[in-house]
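Since the structure comes first, as structure tokens, the remarks are kept for the end.
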Amino acid sequence: MKTLMRLDKFLCVCTGCTRSQSRLYLKKGCVEVNGQTEKKQDFKVDPGKDAVSLEGRILTYQEHEYLMFHKPAGCVTAVTDREHRTVMDYVEGKNRKGLFPVGRLDLDTEGLLFLTDDGEMAHRLLAPGRHVEKTYFAILEHPACQEDVQAFLAGLEIGEKRPTLPARLCLLEVPGQVTITVVEGKYHQIKRMFQARGNRVVYLKRIAMAGIPLDPELGKGEWRDLTEEEIERLRSLC
Ligand code: URA
């Protein structure tokens with residue numbers, strides 16, 4: 001079935017601009033549809049077919065939004081909260097309606113969080129049977145050792161019905177600094193895994209998820225849209 005969309009709405013969806021800004025672009029003659037200047041705000045376009053450009057730049061239509069966010073400590077992984085700033089408080093200049101975080105990071109954990117309005121994809125990425133990889137950088141109270149590496153690989157009792165699935169623990173050069181890759185997302189999982197080894201996490205940052213690394217250009221509290229390749233990568237896992 002062909003779903004047509006008003007041109008002013010199409011501009012808002014693609015650029016994140018407001019309805020009144022989109023109407024201004026149209027009035028000024030900045031918008032072309034299939035090579036023809038179009039000024040009518042209620043002109044109907046087929047998002048999957050028509051080539052729409054704004055000031056010469058072709059716009060690509062995406063049904064859903066996919067963002068990469070660098071969560072700072074002290075920000076709560078929720079849409080609303082009475083006490084703390086939420087991830088949504090950081091997403092400026094975006095139509096935030098419908099956006100939510102994919103999974104959770106603790107209040108004191110930093111790093112990579114995807115935000116989307118695509119409930120189906122989020123659900124699939126988080127499904128326990130999907131085994132999507134998450135990699136963390138951690139600073140520990142005590143240096144980890146080779147026995148820890150083996151124990152993480154074998155699975156740990158952290159008070160769940162079953163031991164944790166095999167996890168990769170890499171010891172970094174600086175004593176006490178490690179990376180860990182897990183394929184589950186249990187509550188406080190990394191902290192509980194180290195607790196089970198008699199150790200304690202003093203700093204935790206997610207550095208990759210689903211094979212997509214946190215963009216080093218993103219400062220704490222900053223976000224950007226996922227690239228086409230990154231979205232494809234997530235789709236391929238669903
Ligand atoms: N494991 C934890 O313990 N905390 C997080 O925020 C994420 C994974």
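Counting starts at 1 for both ligands and their atoms, in listed order.
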Check whether any heavy atom of Tyr136 sits under 4.0 Å from an atom of ligand 1. yes

Can you tell me which portion of Leu204 lies within the under-4.0 Å heavy-atom range of ligand 1? Options are side chain, backbone, both, or neither.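 Under 4.0 Å from ligand 1, Leu204 contributes side-chain atoms alone.
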
Short N/O distance, under 3.5 Å, between [X] and ligand 1?
X: His188; answer: yes
X: Arg192; answer: no
X: Asp106; answer: yes

For Asp108 and Lys191: C-alpha separation, side-chain torsions, deciding distance, then whether salt bridge (Lys or Arg N to Asp or Glu O under 4.0 Å) applies. CA-CA 11 Å; Asp108 59 350; Lys191 291 173 185 164; 2.8 Å; yes

Side-chain H-bond candidate by donor/acceptor type, Tyr203 with Glu110, under 3.5 Å: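 Yes, a side-chain donor-acceptor pair sits under 3.5 Å.
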
Hey, what do you get for CE (Met121) to CD1 (Ile231), rounding to the nearest 0.5 Å? 7.5 Å

Going from NZ on Lys49 to OH on Tyr61, what distance comes out if it is rounded to the nearest 0.5 angstrom? 15.5 Å

Using a strict cut-off of 4.0 Å, indicate which atoms of ligand 1 neighbour a heavy atom of [X].
X: Gln189; answer: 1 (N), 2 (C), 3 (O)
X: Thr109; answer: 4 (N), 5 (C), 6 (O)
X: Lys191; answer: 3 (O)

Does anything in residues 14-23 pair up under salt bridge (charged side-chain N to carboxylate O under 4.0 Å, His left out), and if so which pairs, sequence neighbours excluded? Asp8-Arg19, Asp8-Arg23

Using atom types as modelled and distance alone, determine if a side-chain donor or acceptor of Arg192 lies under 3.5 Å from a backbone N or O of Ile158.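 Checking the backbone N and O of Ile158 against the side chain of Arg192, a donor-acceptor pair under 3.5 Å is found.
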
For the residue pair Tyr90 and Phe69, categorise the inter-ring angle as parallel (less than 30°), tilted (30 to 60°) or perpendicular (more than 60°). tilted

For atom 1 (N) of ligand 1, what's the nearest protein heavy atom and its distance? Ile190 N, 3.1 Å

